[in-house]
Number of protein chains: 2
Amino acid sequence: MTAAFEAQRAALADVVAIPVTPFAADGTVDQDTHRTLLRRLLDGGIGILTPNGNTGEFYALTPQERRLVTELTLDEVGARAAVLVGVGHDVPTAIASARHARDHGAQMVMVHQPVHPYVSQGGWVDYHRAIAEAVPDLGVVPYIRNAQLLGARLAELADDCPNVIGVKYAVPDAARFAAFARDAGLERFVWVAGLAEPYAPSYFSAGATGFTSGLVNVAPSVSLNMIEALRSGDYPGAMKVWEQIRRFEELRAANGSANNVTIVKEALASLGLCRRDVRPPSKALPESERAEVAAIAAGWSI
Amino acid sequence: MTAAFEAQRAALADVVAIPVTPFAADGTVDQDTHRTLLRRLLDGGIGILTPNGNTGEFYALTPQERRLVTELTLDEVGARAAVLVGVGHDVPTAIASARHARDHGAQMVMVHQPVHPYVSQGGWVDYHRAIAEAVPDLGVVPYIRNAQLLGARLAELADDCPNVIGVKYAVPDAARFAAFARDAGLERFVWVAGLAEPYAPSYFSAGATGFTSGLVNVAPSVSLNMIEALRSGDYPGAMKVWEQIRRFEELRAANGSANNVTIVKEALASLGLCRRDVRPPSKALPESERAEVAAIAAGWSI
């Protein structure tokens, strides 16, 4: 394994922030606010960020906007943190996005779960192999939401593609995660808990060393408090943070995660950090539900 | 309601064929074979087709290929049948695709289920309204796979957009379909059973008047036999066809529909009609499983 991949593995074992994409009143990406929010994460101690993740409303961005968000993030972050760029869609589009990210200085790409409705086990390997082989110098992190995928398939992929160095696993079942990680190779990959703070303690108990977060946009210190506790094996301490974020994350998860990003942007809006606007098929929170989110965000900011 | 929308409503109450997209040995879209397969459907009596549907591997096509498939289909079909073009992805991309389809002569678009993971009820309306308002002269058919969506939301959408004339509903629960259709307005929309022949009888029993089909690529007469029986209220006759297609559709549905298109293309390959190649994340059928599919297809061709 090259030194570069060692550094990337180390970077993944952390709070992986998924920044929001703030919109201006005219509906376009608000680039100045985007940079301000990114600086706030970096100043808050965040060491790795994923532009074009789901919290960034990846599937509501046009191809041009996806490139803009990649370039803007890499430019703003510079050498201050690692950047793991989300790529997806059809294979040629994903490859072009990965090369674009590399050409602008990214070290790693996260491959979104294929949206294609007909995914076979072997086809899953083929899809990721085609992308990973096209950017052999980049670390590649598959995002797995499919509980049926076998760990052996990930091992098969990494046999062909040594740049597959980590996994964002996002099935709401820590026992399933434990089995998948062992079948694929627990030490071979960095395991990132892909369901954020609510599942981070149970995933860490089974071998994860990093977790993704959307909440981190609102309160970087809260997410960092949790990972510090988990790193030192202090599960009661981690669960104190869990209790602190529970209601917020329950609001995000309600109704099939209908308001997942909506709630994060509402909290940011309540702190005066960006507009609450999200794009369809998400929708801004109704007036009557805003005060509760603001109260939670205010509580974290004290 | 305009006469054009009346004609489109009538066209939807039929076997809605979702053509496969055949690939050449070099992996590109095989245009000559594609035209031959489309002519075979038209010669077989099919009256409405959906290019860029899931059986056409929509999510594995590049933006350029999606436009190619739309243009090729509209050109080949001409006035012989109605064409309902699949559109999706982010809103600006979906609108551009719908306008492109209209400019090449399409009468209707089917809006794929949003792939965005965070869909709110109001955001679902916003997403479809933005697309439908951009092409007021086209009939618009939402493709609904979300069992949680309320029928009242579809009614709300159609209040704003009278061009929303039909629905492809695809939840594997005929009682849920019956409730949704009545909550939205049973007479107000044409109801197309979106889970093909296996669910067509149960959906027709609850008010559907059309069904989509991938199997039709292999054997148009089989699908037409089923709809003729259903139209005449001959449910035992329809269930005879159901028994005839059961094993084929079970192979397509197995393992989370991993081989949904794979099996259709395997059957076409066995008949010498196109290559078996599918794109990742699907994968061609292993050698050992091909004979069974060929035997089924041969049985239908007698």
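Labels below follow one simple rule: chain letters A, B, ... track the order of the sequence lines, proteins then strands, and each chain is numbered from 1. Because the structure is a prediction, the values reported are computed rather than measured.
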Asker: Measure A/Pro117 against the heavy atoms of chain B and call it side chain, backbone, both or neither at under 4.5 Å.
Answerer: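 For A/Pro117, backbone and side chain are both near chain B.
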
Asker: Between chain B and chain A, identify every pair of one donor and one acceptor N or O atom lying under 3.5 Å apart.
Answerer:
| unit_1 | atom_1 | unit_2 | atom_2 | d |
| --- | --- | --- | --- | --- |
| B/Tyr118 | O | A/Ser282 | OG | 2.7 |
| B/Ser120 | N | A/Pro281 | O | 2.9 |
| B/Asp126 | OD1 | A/Lys283 | NZ | 3.2 |
| B/Asp126 | OD2 | A/Lys283 | NZ | 2.8 |
| B/Pro281 | O | A/Ser120 | N | 3.0 |
| B/Ser282 | OG | A/Tyr118 | O | 2.7 |
| B/Lys283 | NZ | A/Asp126 | OD1 | 3.2 |
| B/Lys283 | NZ | A/Asp126 | OD2 | 2.7 |

Asker: For each of A/Leu61, A/Val91, A/Val125, tally heavy-atom pairs with chain B at distances under 4.5 Å, and name the one with the top tally.
Answerer: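 Of the candidates given, the most pairs with chain B belong to A/Leu61.
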
Asker: Determine the minimum heavy-atom distance between A/Pro280 and B/Gly123, stating which atoms define it.
Answerer: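 Where A/Pro280 meets B/Gly123 most closely, the heavy atoms are CB-O, 3.8 Å.
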
